[in-house]
Amino acid sequence: MVTEILVRLPVKSLLRFKPACRAWQAIIDDPVFIRAHLRRSASRWEQSHSFIINPHSMVRVPWDRWPVPSNRYRFHQWQLQRGTTTTSPRNNNVATFLHAKDLSDDQQFYTTEFTHRDGLVFSTTTTSLHVFNPATRDAITLPTSSRSNLMGGGRFNYHCSGLGLDPRTGMYKVVQAFFRFQSMEPAETKMGMEVFTIGGGGGGAGWREITSDPPYPAKRFQIGVSVCGYMFWRFSERHTKLERGILHLSLEEEEFGITGLPDELDTDNSFLLDELLGRDLCVSASNTSCTMLNIWTLPVADESLCTLWQWRYCIEYPWSLCSVMALPPFSDEIILLRGNNICRYDLATSKLKILCRLDRTRYQGEGARKSELFSVMPFIESLVRITY
C-alpha cells in the first residue's frame with residue numbers, strides 16, 4: 001500500500017520523504033520503483049502536457065564578435081493547463097523554476113542542441129557533454145575522451161552525439177562520434193563512435209570504442225533521436241545521394257544500420273527527426289512552396305524497425321519547418337514547436353493556435369533574465385539517477 005501511494009507522488013515530494021524512514025528510502029531508491037514511477041509520469045503527460053524550457057541568456061566574450069549563450073543552464077517547467085486551448089496564452093504564461101547549473105569551467109560554451117529522455121536532459125558544448133536530471137537537480141559532466149581529438153579542432157569541429165536507454169541492461173548510454181580521417185580529394189571520410197555508460201564506472205576509461213563503424217558519416221552538429229533502444233542520426237549531406245535513409249544504432253547490440261525514409265518524402269527538401277513519448281520516430285517535412293507540412297511516424301515500440309513508415313497528416317502550415325511535440329494518440333491534437341511558440345493544430349477546424357509565447361513567458365526563480373533563444377522539450381519528471 002505504501003508503494004502504491006508513493007508511486008503517485010511528484011519527484012519533489014519523494015525527495016523530501018526519503019529521509020523520513022529507511023523503509024521509504026529503500027522503496028524510492030529501488031530501480032523497480034523508479035521505472036514504475038517513470039511509467040506513471042509518462043501516463044500523466046498524455047493527460048496534461050508538460051514542457052521543459054531552457055532560456056539562453058546571451059553574453060559577450062572577448063574572442064567572439066557576437067553574443068553567445070552564457071555558461072549557465074536554467075531549466076523551467078511549463079504546464080499546459082486545461083482550458084488554455086480556447087483561451088489566450090496570456091492566461092498560462094508562467095514557467096516554474098526547476099534547476100540551474102553554472103558551468104563556469106567550460107571556457108568555450110557554445111551550445112548546440114538539447115534532447116530529453118526519461119526525465120534526463122542531454123546537452124553538448126564545444127568542449128563537454130552534460131547530463132541533467134532537473135527534477136532531482138542532479139548533473140554530471142562526462143569525462144573527456146582522447147578520441148574526440150583525432151581530427152584538428154576536436155569537438156569544436158564535430159558535434160555528433162546522443163543519449164539513449166539500453167533496454168537489455170536498463171542503463172543509459174551516451175554516444176559521440178569522432179573522425180578517423182577525412183580528405184577532400186578524393187572526398188572520403190571515415191567516422192567512428194564511442195559510448196559511455198552512465199553509472200558504469202567513471203573516469204576517462206569509461207569511454208569505449210564501438211567495434212563497428214557507421215556505414216556513412218553522420219551529419220555535423222546534431223544530437224541523435226533516441227527511440228526504444230535505437231538512436232537515429234541524419235547522414236552527412238555529402239552522402240545523402242548515396243543512401244536514401246538515416247543512420248541508426250542499436251544501443252543493445254551496439255551495431256549500426258540504415259533505416260529507410262518514407263517513399264513519399266522528397267529528400268531534396270529539408271526534414272526534421274523527432275521522437276514521440278519515446279515510442280515513435282517522427283519525420284516532418286514541408287513541401288517546396290512551404291505551404292503544407294507532412295508528418296510520418298515509425299512505431300518503433302510496437303515492431304522495432306521491422307515495420308513501415310505511416311503517413312499520418314498533411315496540414316496547412318505556411319511557414320518553414322517545425323518540431324512535432326505530440327500527435328494522437330499521445331495528445332488530442334497536434335502540438336508543434338515553431339520558433340519561440342508552442343502551438344496547437346486543431347484537426348477539426350484546421351486552425352493553428354499559439355499556446356505559449358516563450359519570449360513573453362514569465363520565468364520564476366533565480367537568474368530569470370530576458371532571453372531571445374530557447375530550447376524546449378516535452379518533459380516527464382523522473383527519479384532516474386545519473387552517476388559516473
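In what follows, every heavy atom counts, from backbone to side chain, and hydrogens, waters and symmetry copies are set aside.
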Asker: If Ile, Leu, Val, Met, Phe, Trp and Tyr residues are connected whenever their side-chain heavy atoms lie under 4.5 Å apart, and connections chain through other members, are L305 and L277 in the same group?
Answerer: no
Asker: Please confirm whether the backbone N or O of N340 pairs with a side-chain atom of R357, one donor and one acceptor, at under 3.5 Å?
Answerer: no
Asker: Name all residues meeting the side chain to side chain donor-acceptor pair (under 3.5 Å) criterion together with E252; count only those two or more places apart in sequence or in a different chain, and write none if there are none.
Answerer: none
Asker: Same hydrophobic cluster for F232 and I223, using side-chain heavy-atom links shorter than 4.5 Å among ILVMFWY?
Answerer: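 Different clusters.
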Asker: What is the distance from atom CH2 of W296 to atom OG of S284, rounded to the nearest 0.5 Å?
Answerer: 9.0 Å
Asker: Would you check, one step at a time, whether the test side-chain contact (heavy atoms from CB on, under 4.5 Å) holds for I52 with L98?
Answerer: CA-CA 9 Å; I52 189 167; L98 287 176; 4.1 Å; yes
Asker: Give me the atom names and distance for the closest heavy-atom approach of W24 to V2.
Answerer: NE1-CG1, 3.6 Å
Asker: Is there side-chain contact between L298 and V227, with at least one heavy-atom pair below 4.5 Å?
Answerer: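 L298 does not reach V227 side chain to side chain.
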Asker: How far does CG of L80 sit from OG of S50, to the nearest 0.5 angstrom?
Answerer: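 Reported value, rounded in 0.5 Å steps: 9.5 Å.
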Asker: Indicate, with yes or no, if Y230 and V174 share a hydrophobic cluster defined by side-chain heavy-atom contacts under 4.5 Å among Ile, Leu, Val, Met, Phe, Trp and Tyr.
Answerer: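 Cluster IDs for V174 and Y230 differ.
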Asker: Using only atom types and a distance under 3.5 Å, with no angle test, would you say the side chain of E381 pairs donor to acceptor with the backbone of A135?
Answerer: no
Asker: Indicate if L163 and I246 have the same hydrophobic cluster label, given that clusters are the connected sets of ILVMFWY residues with side-chain heavy-atom separations under 4.5 angstrom.
Answerer: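 No, L163 and I246 fall in different hydrophobic clusters.
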Asker: As a test of understanding, state which of F75, F132, F379 forms a ring-ring contact (aromatic ring centres under 6.0 Å, His included) with H116.
Answerer: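 With H116 as partner, F75, F132, F379 yield a single ring-ring contact (aromatic ring centres under 6.0 Å, His included), made by F379.
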Asker: When you compare the side chain of L249 with that of I210, does any pair of heavy atoms fall below 4.5 Å?
Answerer: yes
Asker: Would you call R244 and L265 a side-chain contact if the rule is heavy atoms closer than 4.5 Å?
Answerer: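 They are in side-chain contact.
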Asker: Indicate yes or no: at least one non-hydrogen side-chain atom of F235 is less than 4.5 angstrom from one of I258.
Answerer: yes
Asker: Go through R16 and S13 one step at a time and tell me if the side-chain hydrogen bond (donor to acceptor under 3.5 Å, both in side chains) criterion holds.
Answerer: CA-CA 5 Å; R16 291 174 55 198; S13 298; 5.1 Å; no
Asker: Decide yes or no for Y388 and P143: does some side-chain heavy atom of the first lie under 4.5 Å from some side-chain heavy atom of the second?
Answerer: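 Heavy-atom side-chain distance check passes, below 4.5 Å.
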Asker: Can you find a pair of side-chain heavy atoms, one from Y345 and one from L293, that are under 4.5 Å apart?
Answerer: no
Asker: At what distance, to the nearest 0.5 angstrom, does CD1 of I315 lie from CG of L336?
Answerer: 5.0 Å
Asker: Is there a side-chain contact (heavy atoms from CB on, under 4.5 Å) between T115 and E275 once you walk through the steps?
Answerer: CA-CA 10 Å; T115 190; E275 57 89 16; 5.8 Å; no
Asker: Do the side chain of W45 and the main chain of F51 share a donor and acceptor less than 3.5 angstrom apart?
Answerer: no
Asker: To the nearest 0.5 Å, tell me how far L14 CG sits from I27 CD1.
Answerer: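 The CG atom of L14 sits 10.5 Å away from the CD1 atom of I27.
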Asker: Which atoms form the tightest heavy-atom contact between G192 and P214, and what is the distance?
Answerer: CA-CD, 4.3 Å
Asker: Could you tell me which non-hydrogen atom of F330 sits nearest to which non-hydrogen atom of L276, and how far apart they are?
Answerer: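 Smallest interatomic distance, heavy atoms only, reads CE1-O, 3.7 Å.
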Asker: Is the side chain of D138 donor-acceptor paired with the backbone N or O of I386 at a distance under 3.5 Å, no angle test?
Answerer: no
Asker: Answer with yes or no whether the side chains of E254 and T211 bring together a donor and an acceptor at under 3.5 Å.
Answerer: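 Side chains of T211 and E254: no pair found under 3.5 Å.
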Asker: Looking at side-chain heavy atoms only, is the closest gap between H37 and I28 below 4.5 Å?
Answerer: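 Contact flag for H37/I28 side chains = no.
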Asker: Does any donor atom in the side chain of R40 or S43 lie under 3.5 Å from an acceptor atom in the other side chain?
Answerer: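 Absent: no donor and acceptor within the cut-off.
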Asker: Kindly compute the distance separating CD1 (I342) from OG1 (T361), expressed to the nearest 0.5 Å.
Answerer: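 Separation between the atoms: 7.5 Å.
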Asker: Checking the side chain of N341 only, and the main-chain atoms of I354 only, is there a donor and an acceptor separated by less than 3.5 Å?
Answerer: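 No.
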Asker: Might you work through the side-chain contact (heavy atoms from CB on, under 4.5 Å) test for Y313 and L347, ending with a clear yes or no?
Answerer: CA-CA 9 Å; Y313 301 102; L347 294 169; 3.8 Å; yes
Asker: Quick one: closest heavy-atom pair of K101 and H99, and the distance?
Answerer: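 Looks like CB-NE2, 4.1 Å.
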Asker: Decide salt bridge (charged side-chain N to carboxylate O under 4.0 Å, His left out) for D118 and R35; before the verdict, give the C-alpha distance in whole Å, the side-chain angles of both, and the deciding distance to 0.1 Å.
Answerer: CA-CA 9 Å; D118 295 346; R35 302 308 299 181; 3.7 Å; yes
Asker: Within a strict 4.5 Å, meaning less than it, do heavy atoms of the L247 and Y216 side chains meet?
Answerer: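 No, too far: nothing below the 4.5 Å cut-off.
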Asker: Taking the side chain from R312 and the backbone from P328, do they hold a donor-acceptor pair closer than 3.5 Å?
Answerer: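 Side chain of R312 to backbone of P328, a donor-acceptor pair under 3.5 Å: yes, one is there.
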Asker: Using the ring-ring contact (aromatic ring centres under 6.0 Å, His included) rule, pick out the option among F374, Y73, F122 that qualifies with F114.
Answerer: Y73
Asker: What heavy-atom pair brings H49 and I335 nearest, and what distance separates the two atoms?
Answerer: CD2-CG1, 4.1 Å
Asker: Write down the atom of R117, the atom of S226, and the distance for their closest heavy-atom approach.
Answerer: NE-OG, 4.0 Å
Asker: T125 vs H130, test: side-chain contact (heavy atoms from CB on, under 4.5 Å). Steps then yes/no.
Answerer: CA-CA 8 Å; T125 71; H130 309 277; 3.8 Å; yes
Asker: How many angstroms lie between NZ in K353 and CD in E333, if you round to the nearest 0.5 Å?
Answerer: 13.0 Å
Asker: So if you build clusters from Ile, Leu, Val, Met, Phe, Trp, Tyr with side-chain heavy-atom gaps below 4.5 Å, do L273 and M231 land together?
Answerer: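 No: no chain of side-chain contacts under 4.5 Å links L273 to M231.
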Asker: Is the side chain of N294 donor-acceptor paired with the backbone N or O of N287 at a distance under 3.5 Å, no angle test?
Answerer: no
Asker: Do the charged groups of R344 and D332 touch, with an N to O distance under 4.0 Å?
Answerer: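 No, this pair does not count.
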Asker: Test: salt bridge (charged side-chain N to carboxylate O under 4.0 Å, His left out). Region: residues 225-235. Which pairs qualify, not counting sequence neighbours?
Answerer: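 Every candidate salt bridge (charged side-chain N to carboxylate O under 4.0 Å, His left out) pair involving residues 225-235 fails, so no pair, neighbours aside, qualifies.
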